[in-house]
J.: 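Sharing a structure, written as structure tokens. Questions coming.
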Amino acid sequence: MAKRIAISVLVSLLCLASVHAGQTKKIVIGDFDAFQAGTLVGTAVDSRGRLFIGPRIQRLDGPDQEYYLAVATAMNGDILLGTGHGARVFRMPAGGGKAEQIFQSEHLDVYGLVAVGNDIYVGTSPNGSVYRLKGKGEAEKLFTPRERFIWAMTADSRGQVYCAVGNHGAVYRIAGKDEPVKLFDADDTHITSLYAAKDGDVYAGSAERGLLFRISGRKVRVMFDSPFEEVRGICEDTSGNIYFAATRLARPKIANAAADGETPDPAAAKAKSNNPPEEKSALYRLNRNGDVEKIWESNNESIYDLCYHEKGSVLYLGTGDTGRMYRVSPDGDYALVMEAPAAQLYAVTANKNGLLAITNNTAGIWRIEDATAGKGEYLSQVFDLAVPSRFGRIYWRMENDERGGVAAVFARMGNSRIPDNTWTDWTPPFSDPDNARLDASGYRNIQFKISLNSANLARSPRLSSLTAYYLQNNLKPRIRELTITRAKKDAKNEKDKKADVIPGHLLVRWKADDPNGDKLKATLELRRAGGSEWIPLQEHVTETEFRIDPRMISDGDYQLRLRVDDGLSNPVDTALSATHVSEMFAIDSTAPVLESVKVESGVLVMRVKDDTSPVAEVAYSVDGKLWFPLAPEDGLNDSLTESYRFPLSGVRGKRLLYIRFRDEAGNFKIHQQNI
């Protein structure tokens with residue numbers, strides 16, 4: 001099964017027993033993602049979330065060039081380096097030292113570079129050629145393909161050199177003084193990776209459709225159609241299995257790559273899938289029986305190159321845009337072993353002493369030895385705890401420390417997001433994983449440093465987790481909003497359409513939060529206008545709404561007081577609260593009354609009165625059929641008392657007149673009148 005990697009931050013805020021003000025919480029750094037969020041300095045972390053001392057890494061003093069694009073090893077162990085923008089080749093002593101320029105062409109870049117015996121083969125781009133550099137550095141032009149780019153070169157056990165080209169993807173074989181032979185003319189625009197296998201076959205990867213090809217003599221077969229745009233970094237293990245990477249991202253564009261255009265983006269043209277893969281890149285194995293399986297993938301990083309290292313029987317991957325190197329076992333277990341100060345770890349190759357890697361943005365060349373560094377440090381991310389806090393114990397778990405491994409933990413704290421001179425100094429080292437205590441308070445941010453040391457260079461202590469306990473300073477809750485509305489039959493709000501919402505009830509709703517994330521409960525109280533005493537309505541409300549049945553309360557104008565507190569998360573003596581008093585509102589459950597009614601000269605005269613809410617509507621109906629509105633004498637329904645005059649001239653005979661009057665609170669009554 002493929003192993004997946006994703007960058008994230010693991011901060012477990014787990015509630016434990018209540019101690020002092022609030023609940024104790026903890027920071028846990030305990031898996032690959034959590035460790036990866038920090039900075040590795042001579043340390044590494046594996047897929048099981050164990051921090052250990054990484055390989056010995058040395059940055060070599062490379063030439064002052066803008067880009068390093070190819071790296072190889074000469075027969076005598078010297079380092080060969082191809083660069084851009086100057087299409088130069090440099091030779092460096094295997095142990096490090098001054099780089100000597102041995103080749104330069106009129107082109108811009110050297111992507112193809114391979115050593116065969118005492119000769120060095122160089123492919124230049126764009127619109128370049130293949131050159132052979134003989135023992136003393138004389139350059140012989142062997143071949144000029146009618147293509148813009150020579151992307152990759154490799155050599156087989158017989159000394160035959162192969163090169164991959166684009167803008168029209170093809171593979172050529174160059175053998176001695178013979179005319180180069182085109183072995184394969186692809187439908188893809190670019191062939192960007194090559195590998196000559198031990199059995200004589202040549203494997204090629206394309207950029208456009210993301211295909212892996214096998215070339216056996218003149219026979220070409222697609223071995224795998226990846227769900228990505230480009231296949232890169234083909235290599236082979238000692239059992240003859242082929243490994244290759246595929247990615248959705250193209251090679252980084254090299255600014256001003258050519259006078260007539262830029263370095264192409266091979267990935268841009270591929271759109272063969274309506275559902276592109278979630279991951280950015282993946283590592284595959286082509287087994288000897290022809291089956292292909294994915295053994296590693298990343299949602300966040302693109303694989304730029306890979307190589308198989310026989311010592312340890314593992315693969316090394318270079319990625320971007322993070323400048324990282326991963327060590328991956330054939331079963332998919334992995335470890336992050338290097339973080340370079342660069343955007344891309346562009347190429348990696350194995351040699352007798354370990355590995356060589358080149359980076360870009362910024363350009364650098366690195367030697368990664370097989371032995372461990374003996375010591376290393378890890379710097380965690382800065383943990384923001386949201387509010388100033390009190391810090392307690394730190395615990396960590398170790399593996400293999402019985403073989404001389406030593407771990408020390410340091411911490412520093414501050415209130416700015418980025419550590420500066422306002423932060424505390426690093427604490428003295430804590431060395432006892434069961435008895436380390438910070439005993440500091442008043443800081444919102446904290447960072448940890450872990451130091452690992454080992455006297456045994458073949459084995460490192462492994463730290464599997466670090467846990468730090470803290471207690472936030474308790475801050476009072478905040479009431480953001482308080483509203484009081486009356487439930488209606490024709491409510492449009494989904495909350496007001498619930499079966500248990502009764503029209504006419506008052507709906508009290510509020511929004512409140514707590515800076516500590518504490519659980520909140522509310523207390524509601526009522527006070528009549530002009531009064532001084534608050535009447536309890538309800539305590540310990542954990543929802544954010546409450547309903548008032550106005551029939552249970554005398555009519556009149558009232559105010560509501562809402563108090564929320566964090567007593568569910570804090571002891572009584574440390575709990576804090578916030579209070580908000582509403583604007584005045586009316587409680588009215590009594591319908592208006594017909595204060596007077598009489599008939600004068602064929603006109604019905606009446607007076608309607610309400611003690612609390614203005615009269616909102618008066619209507620009449622003859623015999624209880626159609627209802628017609630009545631307007632008050634002043635034309636406006638806006639007072640507690642309104643007078644009405646209704647001519648009865650249109651009514652013939654003895655009839656039953658119905659009069660309905662309603663106040664603004666929705667209370668209504670119907671009066672019957674014989675006329």
J.: Is S206 reaching over with its side chain to a backbone N or O of L211, donor-acceptor style, under 3.5 angstrom?
T.: yes
J.: Are the ring centres of Y203 and F244 closer than 6.0 Å?
T.: no
J.: Tell me if a side-chain donor or acceptor on T359 pairs with a main-chain N or O of T362 at a distance below 3.5 Å.
T.: yes
J.: Under a 4.0 Å N-O cut-off, is there an ion pair linking R248 with E229?
T.: no
J.: Indicate, with yes or no, if the rings of F143 and Y172 have centres closer together than 6.0 Å.
T.: yes
J.: Would you please indicate yes or no on a ring centroid separation below 6.0 angstrom for F149 and Y111?
T.: no
J.: N287: which residues meet the side chain to side chain donor-acceptor pair (under 3.5 Å) condition with it, sequence neighbours left out?
T.: R285, E293
J.: Is the number of heavy atoms from other residues, nucleotides or ligands within 6.0 Å of CZ (R214) greater than 12?
T.: yes
J.: Would you say CG of D64 has more than 12 non-hydrogen atoms from neighbouring residues, nucleotides or ligands within 6.0 angstrom?
T.: no
J.: Is T247 reaching over with its side chain to a backbone N or O of S281, donor-acceptor style, under 3.5 angstrom?
T.: no
J.: Would Y195 and E236 count as a side chain to side chain donor-acceptor pair (under 3.5 Å) if you check the C-alpha gap in whole Å, the side-chain angles of each, and the deciding distance to 0.1 Å?
T.: CA-CA 8 Å; Y195 177 74; E236 181 181 12; 2.9 Å; yes
J.: Between N361 and Q344, is there a side-chain donor-acceptor contact under 3.5 Å, judged purely by atom types and distance?
T.: yes
J.: Is a salt bridge present between D46 and R462, judged by a nitrogen-to-oxygen distance below 4.0 Å?
T.: yes
J.: Hey, would you say the Y346 and Y68 ring centroids sit under 6.0 Å apart?
T.: no
J.: Donor-acceptor pair, distance only, cut-off 3.5 Å: does the side chain of T349 make one with the backbone of L356?
T.: no
J.: What residues form a side chain to side chain donor-acceptor pair (under 3.5 Å) with R88, not counting sequence neighbours?
T.: Q65, Q101
J.: Classify the side-chain pair D331/S329 by whether it contains a donor and acceptor separated by less than 3.5 Å.
T.: yes
J.: So, D237 side chain and G240 main chain: donor-acceptor pair closer than 3.5 Å or not?
T.: yes
J.: Does NZ in K219 sit with more than 12 non-hydrogen atoms of other residues, nucleotides or ligands closer than 6.0 Å?
T.: no
J.: Would you confirm whether D188, through its side chain, and R209, through its main-chain N or O, come within 3.5 Å as a donor-acceptor pair?
T.: yes
J.: Please say whether the positively charged group of R232, taken as NZ for Lys or CZ for Arg, lies over the ring of Y304, i.e. under 6.0 angstrom from the six-membered ring centre and within 45 degrees of the axis.
T.: yes
J.: Flag the pair R91 and D78 as a salt bridge only when some basic side-chain nitrogen lies within less than 4.0 angstrom of an acidic carboxylate oxygen.
T.: yes
J.: Is it the case that the side chain of S380 and the backbone of F448 share a donor-acceptor pair, with hydrogens and angles ignored and the cut-off at 3.5 Å?
T.: yes
J.: D201 and S216: side-chain donor and acceptor closer than 3.5 Å?
T.: yes
J.: Could you check, using the six-membered ring where one of them is a Trp, whether Y284 and Y243 have ring centers closer than 6.0 angstrom?
T.: no
J.: Have a look at L40 and tell me which of R324, M338, E339 forms a side chain to side chain contact (heavy atoms under 4.5 Å, CB included) with it.
T.: E339
J.: Can T322 and E301 be said to form a side chain to side chain donor-acceptor pair (under 3.5 Å), step by step?
T.: CA-CA 7 Å; T322 53; E301 301 174 60; 2.7 Å; yes
J.: Of I242, N241, D199, which meets side chain to side chain contact (heavy atoms under 4.5 Å, CB included) against R288?
T.: N241
J.: Looking at R59, I want to see if its CZ is surrounded by more than 12 non-hydrogen atoms of other residues, nucleotides or ligands under 6.0 Å.
T.: yes
J.: I'd like to know whether K449 forms a side-chain contact (heavy atoms from CB on, under 4.5 Å) with E377, so could you lay out the CA-CA distance, the side-chain angles of the two residues, the decisive distance to 0.1 Å, and finally the verdict.
T.: CA-CA 7 Å; K449 181 170 65 176; E377 285 187 346; 3.8 Å; yes
J.: Under 6.0 Å between ring centres: does that hold for Y326 and W296?
T.: yes
J.: Could you check whether any side-chain N or O of S193 sits under 3.5 Å from a backbone N or O of V231, counting only pairs where one atom can act as donor and the other as acceptor?
T.: yes
J.: Hey, are T192 and E230 close enough side-chain-wise for a donor-acceptor pair under 3.5 Å?
T.: yes
J.: If only side-chain N and O atoms count, and only distance matters, is there a donor-acceptor pair under 3.5 Å linking D434 with Y395?
T.: no
J.: With a 6.0 Å cut-off on ring centres, are F32 and Y334 close enough?
T.: yes
J.: Spell out, as yes or no, whether a donor-acceptor pair under 3.5 Å connects the side chain of R367 to the backbone of A94.
T.: yes
J.: May I ask you to decide if G376's main-chain N or O and T43's side chain share a donor-acceptor pair within less than 3.5 Å?
T.: no
